[in-house]
Amino acid sequence: MPLSASIISGVQKLVLYETRARYFLVGSNHAQTKHRVLKIDRTEPKDLVIIDDKHVYSQNEVRELLGRLDLGNRTKMGQKGSSGLSRAVSAYGIVGFVRFLEGYYIVLITKRRKMADIGGHSIYKIEDTNMIYIPNDSVRLTHPDEARYVRIFQNVDLSSNFYFSYSYDLSHSLQYNLTLLHSPCRPGDGEEVHPQSSKQDSFDIFEEEGLPTQVVHGLRNEPYAKYVWNGKLLERIKDIVHPDWLMYIIHGFCGQSKLLIYGRPVHITLIARRSSKFAGTRFLKRGANCEGNVANEVETEQMIHDASVMSFKAGSYSSYVQVRGSVPLYWSQDISTMMPKPPIRLDQADPYAYVAALHFDQMLQRFGSPIIILNLVKKREKRKHEKILSEALLPAVNNLNQFLPPDHWIDYIAWDMARYTKIKLCNVLDRLSMIAENVVKRTGFFINRSDFYCHTLRPDERWGDLGGSLTSSGRVQTGVLRTNCVDCLDRTNTAQFMVGKCALAYQLYALGMIDKPKLQFDTDCVRLFEELYEDHGDTLSLQYGGSQLVHRVKTYRKIAPWTQHSKDIMQTLSRYYSNAFSDADRQDAINLFLQVYQPSESKPHLWELPTDFYLHQRNSMVLAHNRRSYTYWWSEGILSYLPLPYDEVHCEDNMKKVGVKRVNRYDESTDTYTEFFKPYELTSFDDTFCIAMTNSAREFMPKTVGVDPSPFTVRKPEETGKSAVTGSKSSKEEAVLQRKTAASAPPPPSEEQLSSSSEDDSEDDRDDDVSVSQRSTPVKLLTESGESVRNQEDFLEQDFLEQSMKESYGLNLAVHPAERDMHIYERFAHLGQNQHKVERTEPSALENAINVVPVSCFAVDSIYEVSPPQVDKDSREVFESHVQTGVGHVRGLCREDTLMYREYIKNRYM
């Protein structure tokens, strides 16, 4: 069966050329070897007329075409100037086409920045866009409200956390994308037939030899509509133009950091996809709409992969997905009262959990079972506020579970995180760790590799209890954790971090990076992961709530500095101001950008609507013809495949969404190597993305010599690479402390010991640390009888020598080594003696010898003798052929060499 690969978009660089009658949009691949042309009519005042001839042009053909267009659009023959074809703008992709009350606009991406790399597939962030009006001024029909709509549309800042990729589907998870690559593609399974455009493309100089062509199935699948933000903007041209012109963008967060494990690079990537359904701001979008889409729904995926191998086929990749979203009920908060916490009210009665059923049906279809709900809202309040949601959600879940098989029930975990935080003797993160361990064991995680041999060498009992589903190529995640509080911001982000930290330990263990699936706080690895999650939480909080996070992981660990309290107050005020004064304008912009509201002269303007309730609740305007069953509330076919997600099952419905294209193995449309390394252009190593990304060794590891470079070593806060040096004396003492040998250093404390102390106990712990450090200082006190000044000077000189030896060698040479250290040294010396001994015939001497496996490839290799290596027959033939070729005697090419040369000729000259 041929291999499968994702199709790389053939339109990555665009140039917009302008004439009075048309726009010509010329798109090319990154190497600028293949070009496509779109013709956009400018004579239609309100309609969008686009022509795509679907032809692939070479560079010379495009130059000739543009030259003829320039010559044909001049007013006089031979005239040079602006009257012909002029270059308007350069771009990297099309966001879409939009129309308000006049003609259409085209939105182009003019600046981009690389944010992550997944298996050689680059992910970019939009940095700047350009919005161009298409109709000519001579046919433009002006409208007085057009400019206001343009301003509202541009209030959606496309340069803020919008991401795209030319070759990787960001709307789907890594598990979905890699599962698709391993799915068999039979003829007829959504296959695209692409006939050869010319005789030159099909010409093969090796055709008469009968050598087979290496075929690859290029796959292009439909994106997941919920997480695509420009789907409506591309709807008008989707069925007209070639798929290479369509570039889908997501909104949320994307961050990537490099974890160095003794020089081995491991990339940790965090991607958050914000739902475009029922999207909006904090107090204006609560609960769910009639289609089961909830407010502030975000899918967060953490990916771990060994960056030393780039390929999806040969590399090791792992991912874990979790979801946050508002409580799936009809509820809202009245913001007209100008209160920091407006009262919560249930808008509609839903005794059969109809809306919740629609929501969980979507989750079963995308993630499989079990669906685990972690509800963090308050349960005890003097006046009912958040408790209203808990009392309504639990009966809805119980109602849905009575119709599901018991193996696939929706699990409901309710935990009052806010109340637990106020109890001094309780530790929030310890309880979250227990919940996270239980959740990860039930859902499992995705990895595209089967168990390594190291898991047999270093078994762990927790590994055997891991959930998910085993496949021939590894594991897949079945089910998902759905976390919510009221806003799904602060508490939710901390809970997701703890679950992600637990999953990260299992992922690193599965990749053979650590010896047990457990990570401790205050290690370089967890600090790097915590920083990623805080950036992720701040970004999502700004998008939905208008401010950064108020309570962070350090807040719940009770180690936040005292200055953090003032920052929290400022963030609370910023969030309140944003919710009270700017959220309405942002909501209008989101509704217009997502085309939830489409302007028309026959209906009221967007700013004239008293509410957008009817825009998002479609059943309030049109009654549904076919109401879903209250008992069989899931979609057809889902239950038969559980616990596997229906979207990832190889069935006829899913394969209809996949387009298959047979291409040559080295074709540019599937060649990830050429796309990533770009051998056709000059690049600087220092400017590459992998050098500039956050690095655990550079950013977090202490710079002192002698420190354990492992990112899994527990360090004190003052030992991190980001902490400032307070003084020469403290840095010197820190250097001495860090140069202690591993044998003399105490074992690192466990995670429970590190996180079990409360805020009140932290001061006592610091006092104890000071007293211990004072007791360990080598200062000798005077006895009652007294000593001479000379003895004191001798002692101080000796103490200075001891400290200098400790700084130089890491230990005191004047002190006799411990008995355990001497025993280790004797064994090492004994090992060295027996390794280089010449073989003897006396059996008594060999009894005490240690059998050592030779490292060298030579049969005999010691300090006494060496036997020369034996060269095999194949190696001698290769060398003789090389020598004969040098003197002019060339042998005939073998089949493999002919294939390789054939592919080179086709890719280079044809």
Side-chain angles (χ1 to χ4, degrees), residues 278 286-295 297 321-331 344 346-379 384 386-416 435 438-444 467-469 477-486 488 617 619 624-649:
F278 203 51
R286 295 294 210 190
N289 66 355
C290 60
E291 297 176 352
N293 300 307
V294 298
E297 183 175 6
V321 178
Q322 47 186 324
V323 178
R324 69 172 70 183
S326 188
V327 178
L329 302 169
Y330 286 122
W331 67 279
I344 294 175
L346 296 176
D347 297 330
Q348 296 182 29
D350 193 6
Y352 300 106
Y354 180 74
V355 173
L358 292 174
H359 177 68
F360 291 118
D361 179 36
Q362 295 177 10
M363 298 192 70
L364 286 175
Q365 185 169 348
R366 182 165 173 83
F367 304 109
S369 68
I371 303 296
I372 304 174
I373 302 172
L374 179 57
N375 186 15
L376 302 176
V377 303
K378 297 177 182 178
K379 292 192 292 185
K384 275 191 180 183
E386 298 182 10
K387 188 179 179 181
I388 298 174
L389 301 178
S390 294
E391 292 178 346
L393 179 60
L394 180 57
V397 173
N398 292 335
N399 180 71
L400 298 178
N401 277 340
Q402 64 180 331
F403 306 111
L404 276 177
D407 295 340
H408 308 305
W409 275 358
I410 301 171
D411 285 355
Y412 180 82
I413 303 173
W415 182 50
D416 191 345
I435 297 174
N438 181 38
V439 167
V440 175
K441 281 186 177 181
R442 293 207 57 196
T443 61
S469 178
Q477 178 182 345
T478 57
V480 73
L481 172 68
R482 186 194 189 279
T483 310
N484 73 268
C485 49
V486 177
C488 301
Q617 307 285 353
N619 64 348
H625 297 288
N626 298 320
R627 178 175 287 276
R628 294 169 63 108
S629 172
Y630 289 138
T631 55
Y632 297 97
W633 52 266
W634 51 87
S635 298
E636 184 180 358
I638 290 180
L639 210 59
S640 58
Y641 292 104
L642 289 179
L644 294 175
Y646 181 78
D647 287 349
E648 297 173 13
V649 175

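Just so we're clear, the structure is a prediction, and the values are computed from it rather than from any experiment.
Paired with T443 under the rule side chain to side chain contact (heavy atoms under 4.5 Å, CB included), one option of V321, T478, I372 passes, and it is I372.
Considering all non-hydrogen atoms of both residues, G325 and V294 come closest at CA-CG2, 4.1 Å. For the pair A357 and L400, the tightest heavy-atom approach, listed with the atom from each and the gap, is CB-CD2, 3.6 Å. In terms of heavy atoms, M363 sits closest to V480 at CE-CG1, 3.5 Å. Here the shortest heavy-atom pairing between Y641 and Y646 reads CD1-CD1, 3.6 Å.
To the nearest 0.5 Å, atom CG of residue L374 and atom SG of residue C485 are 9.5 Å apart. Between the CG atom in L404 and the CH2 atom in W633 there is a gap of 4.5 Å [rounded to 0.5 Å]. With values rounded to the nearest 0.5 angstrom, W409 atom CH2 is found 10.0 Å from D407 atom CG. Between the CZ atom of F403 and the OH atom of Y632 there is a distance of 9.5 Å, given to the nearest 0.5 Å. The CG atom of L389 lies 12.5 Å from the NZ atom of K378; values are rounded to the nearest 0.5 Å. Taken to the nearest 0.5 Å, the CZ atom of F278 stands 10.5 Å off from the CZ atom of R286.
Taking the salt bridge (charged side-chain N to carboxylate O under 4.0 Å, His left out) definition, one finds that K379 meets it with nothing, sequence neighbours left out. Shown here are the side-chain contact (heavy atoms from CB on, under 4.5 Å) partners of V397, two or more places apart in sequence or in another chain: I373, L393, N401, I410, Y412. Checked against side-chain contact (heavy atoms from CB on, under 4.5 Å), A392 has the following partners two or more places apart in sequence or in another chain: L329, L346. By the salt bridge (charged side-chain N to carboxylate O under 4.0 Å, His left out) test, E291 is found to be paired with R618, residues two or more places apart in sequence or in another chain being considered. In this structure K441 satisfies the salt bridge (charged side-chain N to carboxylate O under 4.0 Å, His left out) test with no other residue, sequence neighbours excluded. In this view, E648 satisfies the salt bridge (charged side-chain N to carboxylate O under 4.0 Å, His left out) rule with no residue, not counting sequence neighbours.
In this structure, Q362 contributes its side chain and L364 its backbone to no donor-acceptor pair below 3.5 Å. For N484 (side chain) and R324 (main-chain N/O), no donor-acceptor pair under 3.5 Å exists by modelled atom type. Under the 3.5 Å distance criterion, the side-chain polar atoms of S369 are left unmatched by any main-chain donor or acceptor of I371. When atom types are taken as modelled, the side chain of S390 and the backbone of K387 share no donor-acceptor pair closer than 3.5 angstrom.
Here the side chains of H359 and S326 are not in contact, with every heavy-atom distance at 4.5 Å or above. I638 places none of its side-chain heavy atoms less than 4.5 Å from the side chain of H408. In this structure, T483 and L481 have side chains that are in contact, with non-hydrogen atoms separated by less than 4.5 Å. Looking only at side-chain heavy atoms (C-beta outward), Y354 and C290 stay at 4.5 Å or farther from each other. K384 is listed as a side-chain neighbour of E391, based on a closest heavy-atom distance under 4.5 Å. You'll find the side chain of V486 reaches within 4.5 Å of the side chain of W331, heavy atoms only.
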